[in-house]
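Shown next, in structure tokens, is the structure this report addresses.
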Amino acid sequence: VHPAQVLSMLIALLILSAPVAYAALPGPNRAFTPTVFGLHKIAPNTHSNAPDKAHIHLALMSAARQRASEFFGPLTTNPRHILCTTKTCAKRFGLYARGLNYGYHLNFIGPRGMNVSIVTHELAHSELHRTMGLSDIYNPKFPQWFDEGLASYISQDTRLSLVAKPDHIKKARNLAEWRALNSAETWQQNYSAAWTLVKAVADTDGIKVLQDLVRRVENGEDFDVLWRALETQP
């Protein structure tokens, strides 16, 4: 068989097998066609496996958007939300956490995340990511510890508590480093540490200082330079 024929057959096989893999493998990719996997559109960009609870879910989304807008102002992003009230639904999308964010495009909410705090947390991620691109995956303009700390602060997460020595989480600059730092035993301590750092600035200098920090970094200034200035000022 000629090599070109082999290549053509492989390409054809990949093209034919892609839809099968898409349908068979659980993962966030299924959010592109959520109705195929048992979800119902209950509002623009909002899908749920429980349409009978649409009024509850939409009220939850509205409250979360209101809370997020108290920090960011009118929200500029409108990510697709996948709301799963059962473990079966969550598994279809590869979701095992309370909530999960993908840039400013997509948020997943699992059965344990159906509350204002978790939905707000993911919305805050989306809004902070509004100016971020592919290069921010490895070298984000906002380090991941700040991303998580700010989302936890905005969402008013009551599971967290002040940490005496929170600086250890500053080594987690991107998502991969943050995930490596966390486990079932350590996540609460690490999220609390990130929240502690952000809260300390808000309590000392006011929320407008945090809002200004976000704006300046979005406009191209270096986060580390600005953050050090906040921590060292009298």
Side-chain angles (χ1 to χ4, degrees), residues 26-32 34 37 39 43-49 57 60-73 75-85 89-157 159-160 169 172-183 187-188 190-192 194-195 198 210 214 217-218 223:
N29 53 289
R30 289 181 167 183
F32 288 109
F37 301 101
L39 270 65
N45 262 3
T46 307
H47 294 75
S48 167
N49 70 305
H57 292 162
L60 177 65
M61 295 292 300
S62 178
R65 290 186 69 85
Q66 175 60 36
R67 186 174 292 185
S69 68
E70 289 171 3
F71 180 86
F72 289 105
L75 303 186
T76 60
T77 62
N78 186 29
R80 172 167 290 189
H81 277 82
I82 302 297
L83 308 176
C84 283
T85 63
C89 170
K91 285 181 180 179
R92 291 190 194 124
F93 296 91
L95 176 65
Y96 298 96
R98 289 177 174 83
L100 193 60
N101 162 266
Y102 287 87
Y104 54 85
H105 305 288
L106 181 61
N107 288 329
F108 290 93
I109 306 297
R112 295 183 300 152
M114 292 292 169
N115 58 71
V116 175
S117 180
I118 297 299
V119 178
T120 304
H121 185 107
E122 305 310 329
L123 275 172
H125 282 317
S126 293
E127 200 66 13
L128 191 67
H129 298 164
R130 59 194 172 188
T131 62
M132 295 170 72
L134 290 176
S135 63
D136 291 291
I137 294 175
Y138 297 105
N139 186 30
K141 62 182 65 178
F142 296 101
Q144 192 66 32
W145 68 262
F146 177 80
D147 200 332
E148 297 296 348
L150 183 66
S152 298
Y153 176 77
I154 293 171
S155 66
Q156 303 171 29
D157 195 329
R159 298 171 299 167
L160 307 181
I169 48 98
R173 293 198 58 84
N174 58 43
L175 184 59
E177 292 169 344
W178 179 258
R179 287 179 173 173
L181 193 65
N182 286 279
S183 67
W187 75 266
Q188 194 165 14
N190 290 329
Y191 275 82
S192 291
W195 171 77
V198 172
L210 279 176
V214 169
V217 174
E218 286 180 334
F223 174 88

P79: partners by side chain to side chain contact (heavy atoms under 4.5 Å, CB included), with sequence neighbours left out: T77, H81, N107, L123, S126

Could I get the full list of ring pair (Phe, Tyr, Trp, His ring centres under 6.0 Å) partners for F223, not counting sequence neighbours? W145, F146, W227

Quick check: do Q66 and S69 have side-chain heavy atoms less than 4.5 Å from each other? yes

In Å, rounded to the nearest 0.5 Å, how long is the span from CG of N29 to CZ of F37? 7.0 Å

Restricting to ring pair (Phe, Tyr, Trp, His ring centres under 6.0 Å), what partner residues turn up for Y191, sequence neighbours left out? W178, W187

Between S155 and I118, is there a donor-acceptor pair closer than 3.5 Å when you use the side chain of the first and the backbone of the second? no

Heavy-atom nearest pair, P34 first then I82, reads CB-CD1, 3.9 Å

Using modelled atom types only, decide if a donor and an acceptor are shared between the side chain of N78 and the backbone of N45 within a distance under 3.5 Å. no

List the residues meeting salt bridge (charged side-chain N to carboxylate O under 4.0 Å, His left out) with E148, not counting sequence neighbours, and say none if there are none. none

Rounding to 0.5 Å, atoms CD (Q156) and CH2 (W195) come to a distance of 11.0 Å

What closest approach, in Å, do V119 and G113 show between heavy atoms, and which atom pair accounts for it? CG2-O, 4.0 Å

In short, V198 meets L210 closest at the heavy-atom pair CG1-CD1, 3.7 Å

By salt bridge (charged side-chain N to carboxylate O under 4.0 Å, His left out), which residues pair with D157, not counting sequence neighbours? R159

Quick one: pull up CG in D147 and CG in D136 and give me the separation to the nearest 0.5 Å. 10.0 Å

Could you check whether the rings of F108 and Y102 sit parallel, tilted or perpendicular, using 30° and 60° as the cut-offs? perpendicular

Could you state the interatomic distance from CZ (R67) to OG1 (T120), rounded to the nearest 0.5 Å? 5.0 Å

Residues passing the salt bridge (charged side-chain N to carboxylate O under 4.0 Å, His left out) test with R173, sequence neighbours excluded, are D224

Which heavy atom of I154 sits nearest a heavy atom of A124, and at what distance? CD1-CB, 4.1 Å

Going by side chain to side chain donor-acceptor pair (under 3.5 Å), name the residues that satisfy it together with T85, two or more places apart in sequence or in a different chain. N49

Which pair of non-hydrogen atoms, one from A172 and one from L181, has the smallest distance, and what is that distance? CB-CD2, 4.1 Å

By side chain to side chain contact (heavy atoms under 4.5 Å, CB included), which residues pair with A180, not counting sequence neighbours? none

Closer than 3.5 angstrom, by distance alone: can the side chain of E177 be matched with the main-chain N or O of N174 as a donor-acceptor pair? yes

With R112, which residues qualify under side chain to side chain contact (heavy atoms under 4.5 Å, CB included), at least two apart? R98

Which residues share a side chain to side chain contact (heavy atoms under 4.5 Å, CB included) with S183, sequence neighbours left out: E185, T186

More than 12 heavy atoms of other residues, nucleotides or ligands under 6.0 Å from OH of Y96: is that the case? yes

Tell me, with the steps shown, if V214 and F71 meet side-chain contact (heavy atoms from CB on, under 4.5 Å). CA-CA 10 Å; V214 169; F71 180 86; 4.2 Å; yes

Those residues that, when tested against H125, pass ring pair (Phe, Tyr, Trp, His ring centres under 6.0 Å) (two or more places apart): H121, H129

Interatomic spacing from NZ in K141 to CE in M132 - rounded to 0.5 Å: 7.0 Å

For residues 123-135, which residue pairs qualify under salt bridge (Lys or Arg N to Asp or Glu O under 4.0 Å), counting only residues two or more places apart or in two chains? E127-R130, R130-E218

Shortest non-hydrogen contact between M61 and L83, atoms and distance: SD-CD2, 4.5 Å

